[in-house]
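Note sheet for the following structure.
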Amino acid sequence: MIQADDVGGAVAAPSSLALDRADPHPPPSADGPPVLSVRNLQVSVNTPGGLHPLVDGLSFDLHRGRTLCIAGESGSGKSITSLAIMGLLPKPAVRVTGGQILFGGRDLSALAEGQMRRIRGNRIAMIFQEPMTSLNPVMTIGTQLAEALRAHAPLTAAAARAQALAALQAVRISQPERRLRQYPHELSGGMRQRVMIAMALPLRPDVLIADEPTTALDVTVQREVLDLLRDLQRETGTAIVLITHDMGVVAEMADQVLILQNGRMVEEGLAAEIFEHPREDYTRALLAAVPRMGDGSGQTAVPQAPLVQVKDLSVRFDIHGGLLQRVVQQVHAVEHVSFDIAEGETFALVGESGCGKSTIARAMVGLVPHAGTISIAGRRVGSLDGAGRMALHRDVQMIFQDPMAALNPRMTVGQLVAEPLVIHGVGTPGERRDRVAALFERVGLDRSHLDRHPHEFSGGQRQRICIARALALSPRLIIADESVSALDVSVQARVLNLLAELKQDMGVSYLFISHDMAVVENISDRIAVMYLGQIVEMGTRAQIFGDPQHPYTQRLMAAVPVPEPGHVRPAMPRLSGEIPSPVHPLGAGPAQVRLRDVGGGHLVEA
């Protein structure tokens with residue numbers, strides 16, 4: 001079980017950032033002149049036909065201690081706007097072609113790179129969506145934090161290290177002294193994002209730009225990161241530009257909201273006004289597409305014969321050590337998990353990073369060795385010959401969480417979606433191209449994009465390409481591993497509706513892995529809640545969401561952001577006991593949990 005305030009291992013917050021600065025900010029206030037003003041901004045990209053505007057005519061003011069949320073679909077210009085403010089546009093291909101970005105009386109777009117370097121990271125800081133792409137994999141966390149500090153302040157190595165430690169303490173990371181010595185790959189996603197916040201805030205910037213900082217995080221870690229940003233803003237008076245497609249996060253964090261579509265501002269106003277009285281059709285459509293807790297009250301699927309049977313599944317990974325690199329420990333990633341998935345059923349696995357959800361998915365398609373049995377469509381995974389594996393892969397398709405890692409950058413997206421058809425010898429080249437074009441339209445993409453490469457698409461568009469590829473062979477089971485987490489709410493709604501249509505029309509079953517509890521409630525028939533490789537609660541949608549029994553499930557529910565400004569979330573239940581480790585000495589294992597039946601589901605007894 002779990003201890004303290006943070007399932008991910010956070011510790012109590014210190015009373016302040018405890019970082020030195022000669023000119024500390026005054027208390028947060030919206031009075032006075034704006035700290036950042038964007039006036040009629042235009043950002044354009046060079047094309048064979050001339051300059052094409054990516055952002056056109058954008059204007060807003062940001063005051064000290066306030067949060068401006070910029071929302072809109074992929075490709076609307078949100079991230080381009082942030083890169084323009086930071087002076088990080090890939091010039092000369094993309095550059096500011098009009099308007100002003102006023103900060104401290106100066107137009108940032110007119111500054112030389114040397115001048116901008118003194119502002120970037122010091123007066124204006126940025127947190128990117130994926131911390132692993134922003135952190136140097138061959139440098140320790142302490143070295144990277146100290147480097148960022150010494151780039152803007154005349155600090156000795158010892159002073160920089162002391163401030164780096166204080167920064168990690170300020171962002172409530174567990175065992176901060178140990179984290180200084182670790183490398184990025186040794187930290188969880190939530191911890192890496194805390195490191196990025198710690199790197200951004202020690203110099204107390206006037207403006208902090210957070211570009212989708214919680215998109216890839218579990219719901220409880222997301223809540224902790226948002227609470228952290230809010231607490232640090234109260235202490236430092238930093239103005240925040242928060243870029244997100246999660247309207248629940250917008251409602252919770254924003255003072256002002258700016259809605260973008262196709263590079264243009266559609267609507268701007270106070271958060272309460274935007275949510276309660278949206279003026280524009282596009283804004284109303286965005287809000288209508290937001291999945292909400294309590295909306296998934298429809299009938300669950302009538303159970304049919306089981307398509308998938310998982311019995312006593314365990315997956316362990318060896319850890320080597322010593323001079324001879326013998327196996328000395330094992331990571332118990334999945335421990336004695338059992339469940340069925342019926343024909344035409346959507347079965348959801350929920351839980352935080354590291355709980356074993358994705359490992360189960362990979363075991364089901366034969367990507368990791370396992371103990372126990374997995375049977376899909378009458379075939380036992382792990383004991384199939386070549387022909388059996390081909391048949392299994394035609395019946396089972398997987399949508400991975402990271403679309404860029406799943407797409408070959410040298411192939412066009414049309415070739416990528418057609419690849420399963422080619423491998424399995426389905427159709428002629430012309431028939432395959434028509435099939436791919438139809439799939440593109442079905443997932444909300446244009447067939448004219450078939451000859452483009454993955455890097456030419458946004459993250460959300462790349463995930464739609466992966467979904468189209470998974471649908472190419474009309475499989476019986478689709479394993480969707482965080483398949484909609486990177487999508488905008490309107491696109492997410494279309495994709496979820498598409499999955500529901502396929503389930504209705506074709507009887508396809510889903511193993512749906514997600515950290516978004518509102519999405520899970522709206523799409524699933526049955527749900528299993530996982531913690532540290534084991535199922536702690538399992539039941540129908542009505543059972544799990546109507547009467548969650550386990551404290552961990554209750555904690556997940558309480559962490560879900562609600563798309564209503566001013567909504568007061570319930571306090572997250574605190575769980576008792578020490579945080580168990582999934583790493584055990586060779587031959588040892590975690591204590592076996594005892595399960596009891598509760599209305600068709602299972603609960604771990606305390």
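Everything quoted here is computed from the prediction, not taken from an experiment. Keep in mind that the numbers below use all heavy atoms, side chains included, and drop hydrogens, waters and symmetry copies.
Contact record, I467 with S483: CD1-O, 4.0 Å, taken as the closest heavy-atom pair. Nearest approach of V250 to T244, heavy atoms of both residues: CG2-CG2, 3.4 Å. Heavy-atom minimum distance, V55 versus L58: CG1-CB, 3.8 Å. Here the closest non-hydrogen pair linking M411 and H453 is O-CD2, 3.4 Å. Residue L145 comes nearest to A164 through the heavy atom pair CB-CB, 3.6 Å, listed as atom of the first residue, atom of the second, then distance. Between R181 and E177, the closest heavy-atom pair is NH1-O, 3.3 Å.
In this structure, D206 and R64 have side chains that are in contact, with non-hydrogen atoms separated by less than 4.5 Å. Within the 4.5 Å cutoff, the side chain of S37 has heavy atoms near those of the D61 side chain. Between F457 and H449, some side-chain heavy-atom pair lies under the 4.5 Å cut-off. With a 4.5 Å cut-off on side-chain heavy atoms, Q463 and I399 count as touching. Considering only heavy atoms from C-beta on, L111 comes within 4.5 Å of I119 through its side chain. At least one side-chain heavy atom of L242 sits less than 4.5 Å from a side-chain heavy atom of P213. Residues V417 and I465 have side chains in contact (heavy-atom distance under 4.5 Å, counting atoms from C-beta outward). The shortest side-chain heavy-atom distance between L232 and I197 falls under the 4.5 Å cut-off.
The distance from the CG atom of L416 to the CG atom of N408 is 6.0 Å, given to the nearest 0.5 Å. To the nearest 0.5 Å, the span separating CZ on R230 from CG on L226 amounts to 6.5 Å. Distance check: I243 CD1 to S79 OG gives 5.0 Å after rounding to the nearest 0.5 Å. Between atom CE of residue M253 and atom CD of residue Q233 there is a gap of 6.5 Å, rounded to the nearest 0.5 Å. For the atom pair CD1 of I141 and CD of Q144, the computed distance is 5.5 Å after rounding to the nearest 0.5 Å. Atom CG of L41 is separated from atom CD1 of I85 by 7.5 Å, given to the nearest 0.5 angstrom.
Between the side chain of Q100 and the backbone N or O of N40 there is no donor-acceptor pair closer than 3.5 Å. When atom types are taken as modelled, the side chain of K78 and the backbone of E73 share a donor-acceptor pair closer than 3.5 angstrom. Without hydrogens or angle criteria, R179 side chain to L168 main chain gives no donor-acceptor distance under 3.5 Å. For the pair T67 (side chain) and I240 (backbone), a donor-acceptor distance under 3.5 Å is absent. Between the N46 side chain and the P92 main chain, a donor and an acceptor come within less than 3.5 Å of each other. The closest donor-acceptor contact from the side chain of R284 to the backbone of P278 lies under 3.5 Å. At distances below 3.5 Å, at least one donor-acceptor pair connects side-chain atoms of E212 with backbone N or O atoms of H245. Under a 3.5 Å cut-off, the side chain of H152 and the backbone N or O of R120 do form a donor-acceptor pair. In this structure, the side chain of Q42 does not engage the main chain of P53 through any donor-acceptor pair within 3.5 Å. At distances below 3.5 Å, not a single donor-acceptor pair connects side-chain atoms of Q461 with backbone N or O atoms of L445.
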Please report the C-alpha distance between L135 and M199 in whole Å, then the side-chain angles of each, then the deciding distance to 0.1 Å, and finally whether the side-chain contact (heavy atoms from CB on, under 4.5 Å) criterion is met.
CA-CA 10 Å; L135 294 170; M199 193 175 292; 3.8 Å; yes
Passes side-chain contact (heavy atoms from CB on, under 4.5 Å), R362 versus F400? Steps please.
CA-CA 10 Å; R362 285 164 171 76; F400 293 94; 3.8 Å; yes
Before you tell me yes or no, could you show the steps for R469 and L407 under side-chain contact (heavy atoms from CB on, under 4.5 Å), namely the whole-Å CA-CA distance, both residues' side-chain angles and the distance that decides it to 0.1 Å?
CA-CA 10 Å; R469 184 170 62 177; L407 298 173; 4.1 Å; yes
Does the pair L51 and R95 meet the rule for a side-chain contact (heavy atoms from CB on, under 4.5 Å), with working shown?
CA-CA 10 Å; L51 289 174; R95 65 183 190 273; 3.9 Å; yes
Under 3.5 Å, which donor-acceptor pairs do the side chains of residues 103-110 form with other protein atoms, sequence neighbours left out?
unit_1 : atom_1 : unit_2 : atom_2 : d
D107   : OD1    : I101   : N      : 3.0
D107   : OD1    : S109   : N      : 3.1
D107   : OD1    : S109   : OG     : 2.7
D107   : OD2    : S109   : OG     : 3.1

N/O donor-acceptor pairs under 3.5 Å from side chains in residues 256-268, not counting sequence neighbours:
unit_1 : atom_1 : unit_2 : atom_2 : d
R264   : NH2    : D56    : OD2    : 2.8
E267   : OE1    : R279   : N      : 3.3
E267   : OE1    : E280   : N      : 3.1
E267   : OE1    : T283   : OG1    : 2.8
E267   : OE2    : R279   : N      : 2.8

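A donor and an acceptor atom, one from each side chain of D446 and S448, are located under 3.5 Å apart.
We find that K357 and D481 are not joined by a salt bridge, their nearest charged nitrogen and carboxylate oxygen being 4.0 Å or further apart. One finds no salt bridge joining R223 and E252 here, because no Lys/Arg side-chain nitrogen approaches an Asp/Glu carboxylate oxygen to under 4.0 Å.
Every residue was checked against the side-chain hydrogen bond (donor to acceptor under 3.5 Å, both in side chains) condition with D255, not counting sequence neighbours, and none meets it.
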